[in-house]
Amino acid sequence: MNSADVILDVKGLTTSFQTAGGCVKAVNDLSFTLRRGETLAIVGESGCGKSVTSFSLMRLLSRQAQIQGEAWLTGRDGERLNLLALSETEMEQVRGRQLGMIFQEPMTSLNPLQQVGEQIAEAMLTHKLCDRKQARQRALELLTLVGISAPEIRAQQYPHQMSGGMRQRVMIAIALACKPQVLIADEPTTALDVTIQAQILRLMRKLQGEVGMGMLFITHDMGVVAQIADRVAVMYGGQLVEMADTRTLFRRPLHPYTQGLLASVPRPGQSGRLAGIPGQVETVYGPHLGCRFVNRCAQAREVCRVDRPVLFVHPAQQLVRCHFAGL
Amino acid sequence: GEQKLTGAFDVGSAGNAQKFNPLTAPAGFSFYNKYFGTLALYDVGLQKIGGDLAQSWAYAKDGKSLTLHLRQDVKWHDGKPFTAADVKFTLELVKNPAMASVFSSRLKDVSAIRVLDAHTVLIELAQMDATLPDAFTSIMMLPSHLLSHIPAGELRSSNWWKAPVGTGPFKWTRYVPDQFVELAANPDFYRGKPMLAKLVNRYFKDASAASIALQAGEIQFSSMTLDQVRENQSTRAVDVIAGPSHVLNYIGFNNSDPRFKDVRVRQAILLAIDRKAIIRSIYNNTAILGNCVLTLPQYVPADINPYETSVSKARALLKAAGWHQTEALEMLTYYNDQASKDVVTVLQAMLAQVGISIRPRFVDGPTFGTLVDANKFSLVYAGGGNGPDPGTLIPLMQSSYAPPRGVNRMRVNLPELDQLFSAAQQETDDARRTALYQQMCRLTNAQLPWIPLWVGERFGGFARNVQNVIWTPSPGGGRYQDFPERWSIR
Amino acid sequence: MHTLSEKYSVAADSADAILSFARVGITFQTRTGMFGPSRLLRAVQDVSFDLMRGEVLGIVGESGSGKSTLARLAMRLLQPTSGEILYEGKPISTYQGAQLKQLRSDVQMVFQDPNASLNPRLTIEQSLLEPFILHGRGDRQERDAEIRRLLGVVGLPVTVLQRYPHEMSGGQKQRVVIARALALKPKVLIADEAVAALDASVKAQIINLLLDLQREYQLSIIFISHDLPMVQAMCDRVMVLYLGRLMEYAPRSVIAQGGRHPYTRALWRSSPAADPDCRLEEQEMLAGEIPSPLNPPDGCVFHTRCPQAVTRCKQVVPALTRLNPQHGGACILFENPSEIN
Amino acid sequence: MLKYIINRLLINIPTLLAILVTVFVLINLAPGDPVDAFVPPNTALTEQQKAVLRHELGLDQSAPLRFIKWVGQVARGDLGYRYKDGALVLDEITSRVGPTLLLASAGLTVGSVLGIMLGIFSARRYNTPSDHALSVAAYLAISTPAFLLGILGMYLFSLKLGWFPTGGYSAPAEKGLLQTLRYLALPAAVLSVQFIAILMRYTRAGLLEVMHQDFVRTARAKGLSAGAVTLRHAFPNALVPIVTVIGANFGALIGGAVFVETVFSWPGLGMLFLDGIESRDYPLIMGIALFMGIAILLVNMLTDILYSWIDPRIALK
Amino acid sequence: MSHSSLGAAACKKFTSSKVAVFGLVVFLSISLLCLFSRQLFSFDPNAIDLDATLLPPSALHWLGTDQIGRDMLARTFAAGRISLLVGLASVLLAVLIGTVLGALAGYFGGWVDNLIMRLVDMVMTFPPIIVLMTLAAVIGSGTGKTVIVIGLLSWPLVCRLVRARILSVREMEFVAAARTLGAGHGYILFKHCLPNTMDVLVVFSSLGFVSAIMAEAGLSFLGLGVQLPDASWGSLISIAREASVLRQYPWIWLPSGVFIVLTALSANFIGDGLRLIFDPKTNKE
Ligand SMILES: Nc1ncnc2c1ncn2[C@@H]1O[C@H](COP(=O)(O)OP(=O)(O)OP(=O)(O)O)[C@@H](O)[C@H]1O
Ligand SMILES: Nc1ncnc2c1ncn2[C@@H]1O[C@H](COP(=O)(O)OP(=O)(O)OP(=O)(O)O)[C@@H](O)[C@H]1O
Ligand SMILES: [Mg+2]
Ligand SMILES: [Mg+2]
């Protein structure tokens, strides 16, 4: 791995919340790196901490969240910034410009009182990338790029006048407006139909090529993962359970969860019931013994209940957290 | 530079900007007479009436006429001479029902006005009226040559009053509604050119604001409340002039109400009230106790009942009168100042001690008038002008003036009192009139048609740099010789 | 049962239809700026179909093609500007009182965005209790038990009950919304992208659950999704919408083979396969942009992007043609069945 | 839009009429007769004089007739004469409109700007000492009656410092704008103090309400500074109640800020109105009620239009 | 999980805010002191003593005496009873009317909205003085009537505030979701729309509380409001109109002013605490 190429280096990220029911450790000791121009897909069980990871990196969590660890971002001019240690004003410089984010909730994430064109242009104006007129122009271009027709009209519409997929695309346009170094995309295409999705994926890849944008791509769609990701990280219960390059992961998933995940994807022509992973999803509350996945794992044995598995490095840089993966 | 004196000559609810018709206005005379003139004037002590536009007057032997001799050197502000025609015009205007002048009742015995020559007027009377000179101190003379062509009904609220022409020491220059009236010296004034170049009357709705303006030197005069006087005692920012108001505060009751028919009830009420304590603690000793409806010392005989406070006597009297009360009596008042509120509260407490429970009700003037005229009241706490001429009381106490005919709102109906009033009115001899009024005092002291309490003092404050100012605090009384042409600022 | 929509129905036999759309259309007025001109946006135009008892009907289509609008129309959240929607043979606009209440428990919907459809001020428990309270079902214990059962079914721990929506992940919220929609044991479930935010394994679980309900209780489902493989896997029939218009309806078998309508085919081509070795190529994707619904093209709305478009497509709006009782569409290719293939 | 405005204006006509009828009924029910009000309680007028006055004022006619006559007169653009001095009611009102609007808009502008700024400040410092201090200050301000505030201001700025006159008004045309401002300063300040407090509370609450919404997070993710996020995103979403409060107060102030006007001898409509009531001057009261009615209806209409301008989800119907 | 534990959770949330608890404590203590003032203080609040007027605070009269020698401590707290009653009750009334009408108008729109808003227009336009004067004459005096009059005059603002808020809330998706669950209009209004108006209602209530107290003082002249010899905080403050009282005898009016500020402030803090219960996102920050 060429370390000079590393654009985002996350070490031991741990995020916990204080809630009525106690302390929730949503992300637990997560480490990964992201290279220039690379797409790292994060997949995993719903609620395993993917979004919290991205909010932690963006430092957008409310003050009741506690974040630990380090996250080094290589800035545009090569400087290295620890995102988790920056002051709020420094962070403002980073957000949007160096580190963009697409949010999961398209309906509520747009300002209901501002025309969407304005909202896109604002991103560029904030970082003084161009003047107002140019920003407007760029906003129209971006809308076209994300596949919204009649951008002149749409730019003047308000979020409530758009369909879910359109709002999602507006979000994407906002995040892409400043061509950030690193883009965190939290399920950016869930609300999109396949043709637009394909178009958006293509657009993202193009930008990656242009500006060497690194991308953390959070999704549940294994098809999308296969399409866009260079590497895949699989999370379960706040932890990284497997990480490998895309081809390896699809060919030879090591962790039983990954295996189950891939098996759950319906194949063309398949009909009726889907495979799925049986068993009750685990709560992420509190400390735990043993493996997180133990309750749903078909291969679980006694040791899995009592002994916490560690990340195990396989050949070909495949990481896996399972007692039996090496066997 | 030119001397300019600004004052708040009318403050508070009495401040009636815009209503400049002196024949219909209820207040503001002490300013009107800076640009209008009257036939007669009181001296500063409000004891004796002297001449002003009329140099002298004389009643005929039979008392059926009065001859006025006018000054000859008087000119209207437009340069035209002031003559007997103007007097005739003005007095007829007052009598004209269409004018609805508040003074019309004062001239009710005047049957005709004749111009004898340019400066002599003969007033024919249906019967002798000794209070006419007092009325002449209030009626401002108006220029016949400018107004006679306007019908009285129209004249009453004509715009002319907002640019009037008078005979006074100052001329009207301008008026800004609700703000001020500005007068300029009248160089042709018959007593000489005023020292001040300008005299301004500023209108304040709020007495405290006027007081602060006075302290700040924005104005040089303002009438003051007891409270402001008290406050001034600590700062001594201005010179305070104090004097009797000639307004008797009384507890009025509905004389037609059978509950008050028994004089012992009335006496008990008066006995229950510790007036001295009230005067001491609420009025800071600035009020004069009254035991009858008249308070000028010369009219008060020494032998009247002083009604020294005695709760036990009051209780006994009530008991004797068979007083029994079922519900609280409403006590109406149109006063709204803090001192009056305190007074009413104290009255309430004191009357409660003898078993008379009252419920105060504060209303505004029109409401008061409507309620009382409609006979929907039992008690009032009010004030009535009782001087300087006791004739002022006639419309308030003579039985023929009971509503709806007039403002004898308490429905006083004492034939002896009526007789005394008319006797005094027809009596030209001062000593005999005084005796009649003393008689009246005795009568009202015994009968208590009103329950007299006290006559308060009023106050005015002058900036320390004004000179030669003569002012008496009695707005309810007549006009007096204040010689405004001599006022000046140091 | 005789339905109004029979004439236009996409189903062969509408006798057993539970929910029918008869030439439904809706137009929105959109304004640009305070004083801007107001424009008409035809979000749904002339859509007819029948949902059979116990059927899973898939609706796919481009973003903005009116899928959610259709769902909202079915839920009586929007009034159609034309046409009629019938539930159990009776126009839903005429439901009132107790009947309406029944309708509200019979037909349930899972909204596209779970975040927006949960009241942020209510805990998950309060949100889940709502259907029971509203329909006066069960006593406190029964409700509690039922809520716990539902949570188990959608794979959530009971600990989430005390949480607020903002303390949950997207997928968790989505499952809460599904649980809420199932609480009343509806007869019709309209699932608008109901499983989009779930990971594949949970998604499979939920879909299996729905299929079980369908089988056991004759639950009818309208399943709105972008995921063609998924739709094809679980739906009996599929409707394809484009710009608010019906393009094709077909049984699973036809869809599984890629469908007949050029648009359906294009959708298939763009569907990413879960295989990193067969990435989508440029030429496989649909060319051009989706036209604005504010300003739809004349003729066939798809002609601007259709690889098979001919001149006539620009002029004539293709009629809805029925190839066979189960299959039909609006395309000139369908008008002359022999030309197909 | 235009249609809405026209519709709304048309609806306002019967509303206005209803308002006027009610006011008319109320003043006629109120105790106190204009003729009684004409003279002080102890001044004698004979019944004959009163009858003359009543006739002259038209008070001998029945109330409904008087109302109808008044409406007819108004339709011809004539608001009648004041009972008291025969001045044209229209003139009286128009002469006060300037000062009234000047005072109201000065007070409201200063108040809105400062109130909103402080509200934003205290929302951003939610639950800190400075937030609490501002809360205390706000309640102190609204608990202090206008007269007290006015007198205190006068003591300080007129008496002690001598910066501003104690009261009065000077038209700009008369002694220049600067002089007008000197007269305006104190009353406007007193008026705005309470308004600052009120708006500050509403702004703060509104902001707290929206600060945690998802779109605020989006704005932050764009890299907007905390201030810009608040101003450009949170604030507009909190604006509806603020506009409502400003609108309601402006509406009320068009009828005059009675207390402030009284303390500072400001020749506004409020004082005129009070005078009208004290003297039961029906034409004047009705004239001002008409003016206030129109003004408040228009302000309310404007507020409603503003709502839909602020929040496009709110449709004008 | 059960309702009682929900209540307990709300309680916990409330108590987690120090200011809210502080507000509650202050408010309750002032209310209790006022309520039991007659039992607690040896002086009768209305007993006059013309030989002990305007005494400054001393060991005997902790807050001094007024112009007619009444003990200001007893009087201030006795006044508080009336002011608290008038303040709370009239705000409650205004909030009740305003919220109900505003909610109806905002939620249903159409002619309902039109009708209610025209009513609002009307009430906003009525010059309060005239209404008060006439009402006072027609309905007579009394604390209850004062409350009604103040309440009836101040609801339009609440109505507009609530309506405006509900106009946007009703467009939210969770409202649509509730409707599909079979929620009737009433349920949606109460459960989903009205909680969103809490913030403005809290502000209105605490501000309205003060204005009601001050308005009450102004009304006593019209025969409404507190009648002599009783006092209210507003009427005690109004005595400061007298320049000498204002500057030389602050013990007459200042305590009432302080108590008004304190109660309003604590009411506001309580409101803030309530808001915490209603708004999960502002938890403990
Ligand atoms: N503010 C919060 N307070 C408490 N717990 C939280 C909070 N935000 C998130 N969580 C919890 O943290 C865990 C991780 O949530 P996160 O949103 O990161 O999941 P996710 O991986 O993005 O899931 P999905 O794919 O469903 O969106 C979840 O269990 C969630 O309930
Ligand atoms: N309230 C509205 N006002 C104006 N236009 C609207 C409104 N609601 C929806 N639309 C328009 O109607 C069309 C269809 O929207 P709809 O939400 O039904 O799309 P969809 O098929 O659900 O898309 P997606 O898959 O992106 O959610 C879109 O063009 C949208 O802009
Ligand atoms: Mg997520
Ligand atoms: Mg949709």
Side-chain angles (χ1 to χ4, degrees), chain D residues 11-12 14-15 18-19 22-23 26-27 29-31 126-127 132 135-136 139-140 142-145 147-148 151-152 155 197-198 201-202 204-206 208-209 211-213 240-241 243-245 247-248 251-252 255 258 273-274 277 285 288-289 292-293 296-297 300 303-304 307 311 313-314 317, chain E residues 17 19 109-110 113-114 117-118 120-122 124-127 129-131 133-135 137-138 156-157 160-161 163-165 167-168 171 196 198-200 202-204 206-207 210-211 213-214 217 234 237-238 240-241 243 246-247 253 257 260-262 264-265 268-269 272 275 279 281-282 285:
Chain D
I11 295 177
N12 279 344
T15 315
I19 292 169
T22 321
V23 172
L26 284 176
I27 53 174
L29 278 181
Y126 175 67
N127 220 350
H132 295 321
S135 292
V136 176
Y139 282 98
L140 212 60
I142 57 154
S143 306
T144 313
F147 76 83
L148 204 61
I151 298 288
L152 289 176
Y155 269 125
I198 293 174
R201 301 310 295 173
Y202 280 101
R204 174 182 177 273
L208 288 180
E209 194 72 7
M211 288 263 234
H212 295 270
Q213 292 186 4
V240 166
V243 165
T244 311
V245 172
V258 182
F273 193 60
L274 206 62
I277 289 176
I285 296 175
I288 297 181
M292 267 168 71
I296 292 179
L297 290 178
N300 282 359
T303 321
D304 279 337
Y307 287 163
D311 188 342
R313 287 170 300 181
I314 298 175
K317 268 179 230 110
Chain E
S17 162
V19 242
D113 182 31
N114 225 322
M117 292 329 282
R118 295 302 76 77
V120 167
D121 282 348
M122 281 181 66
M124 277 176 120
T125 315
F126 289 152
I129 311 177
I130 291 187
V131 180
M133 210 167 65
T134 312
L135 278 185
V138 175
L157 180 60
R160 281 195 76 92
L161 285 168
R163 166 183 176 264
R165 180 57 63 79
L167 280 180
S168 31
E171 302 296 330
N196 282 293
M198 265 302 281
D199 61 325
V200 282
V202 164
V203 177
F204 174 85
S206 57
L207 295 180
V210 179
S211 11
I213 288 178
M214 305 314 270
I237 290 193
S238 300
R241 239 176 240 278
L246 177 66
R247 294 176 75 174
W253 55 276
I260 293 181
V261 174
L262 268 184
L265 203 60
N268 175 69
F269 283 149
D272 259 9
R275 220 172 43 80
D279 187 1
K281 292 194 188 178
T282 39
E285 257 176 54

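Note that these values count all heavy atoms, side chains included, but never hydrogens, waters or copies made by symmetry. Proteins come first, then strands; the chains are lettered A, B, ... in the order of their sequence lines, and each starts at number 1. All of these numbers come straight from a predicted model, not from anything done at the bench.
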(request) For Ser206(E) and Val203(E), indicate whether the former's side chain and the latter's backbone hold a donor-acceptor pair under 3.5 Å. (result) yes
(message) Please classify the contact between Ile288(D) and chain E as side chain, backbone, both or neither, with a heavy-atom cut-off of under 4.5 Å.
(response) neither
(request) Select, from Ile151(D), Leu29(D), Ile142(D), the one with the greatest count of heavy-atom pairs under 4.5 Å involving chain E. (result) Ile142(D)
(message) Are Arg163(E) and Tyr307(D) packed together at the side-chain level, in the sense that at least one heavy-atom pair is separated by less than 4.5 angstrom?
(response) yes
(request) Measure Leu207(E) against the heavy atoms of chain D and call it side chain, backbone, both or neither at under 4.5 Å. (result) both
(message) With chain D as the partner, which of Ile260(E), Asn196(E), Leu262(E), Leu161(E) has the greatest number of non-hydrogen pairs under 4.5 Å?
(response) Leu161(E)
(message) I'd like to know which of Asp272(E), Asn268(E), Ile213(E) tops the heavy-atom pair count under 4.5 Å against chain D.
(response) Asn268(E)
(request) Find the one option among Asp311(D), Ile27(D), Asn12(D), Val136(D) whose heavy-atom pairs under 4.5 Å with chain E are most numerous. (result) Val136(D)
(request) Inspect the contact between Asp113(E) and Arg118(E) and indicate whether a charged nitrogen and a carboxylate oxygen are less than 4.0 angstrom apart. (result) no
(message) Counting heavy-atom pairs closer than 4.5 Å to chain E, which one of Val240(D), Ile277(D), Val23(D) comes out on top?
(response) Ile277(D)
(request) State, with a plain yes or no, whether a side-chain heavy atom of Arg204(D) is found less than 4.5 Å away from one of Glu209(D). (result) no
(request) Report yes or no: is the cationic atom of Arg247(E) (NZ for Lys, CZ for Arg) closer than 6.0 Å to the six-membered ring centre of Tyr155(D), at no more than 45° off its axis? (result) yes
(message) Need one label for Val202(E): side chain, backbone, both or neither, based on atoms under 4.5 Å from any heavy atom in chain D.
(response) neither
(message) Once rounded to the nearest 0.5 Å, what's the spacing between atom CE of Met117(E) and atom CE of Met122(E)?
(response) 13.5 Å
(request) Any chance you could measure Arg160(E), atom CZ, to Leu157(E), atom CG, to the nearest 0.5 Å? (result) 9.0 Å
(message) I'd like to know which of Val120(E), Leu167(E), Val19(E), Ile130(E) tops the heavy-atom pair count under 4.5 Å against chain D.
(response) Ile130(E)
(message) So Leu148(D) and Arg241(E), do their side chains get closer than 4.5 Å, heavy atoms only?
(response) no
(message) So for Phe204(E), is it side chain, backbone, both, or neither that comes closer than 4.5 Å to the heavy atoms of chain D?
(response) both
(request) Pick one of side chain, backbone, both or neither for Ala248(D), based on which atoms fall under 4.5 Å of a heavy atom in chain E. (result) both
(request) Can you see which heavy atom on Phe147(D) is nearest to which on Ala240(E), and at what distance? (result) CE1-C, 3.9 Å
(request) Mind running side-chain hydrogen bond (donor to acceptor under 3.5 Å, both in side chains) on Tyr202(D) and Thr244(D) for me, showing each step along the way? (result) CA-CA 10 Å; Tyr202(D) 280 101; Thr244(D) 311; over 6 Å; no
(request) Side chain from CB out, backbone as N, CA, C, O: work out which of these in Val245(D) comes under 4.5 Å of a heavy atom of chain E, or both, or neither. (result) both
(request) Below 4.5 Å from any heavy atom of chain D, which atoms of Ser211(E) appear? Answer side chain, backbone, both or neither. (result) neither
(request) Identify which part of Val210(E) has an atom lying under 4.5 Å from any heavy atom of chain D, answering side chain, backbone, both or neither. (result) side chain
(message) Is Met214(E) close to chain D through its backbone or its side chain, or both, or neither, when contacts mean heavy atoms under 4.5 Å?
(response) side chain
(request) Could you tell me which of Ile285(D), Val258(D), Asn300(D) has the largest number of non-hydrogen atom pairs under 4.5 Å with chain E? (result) Asn300(D)
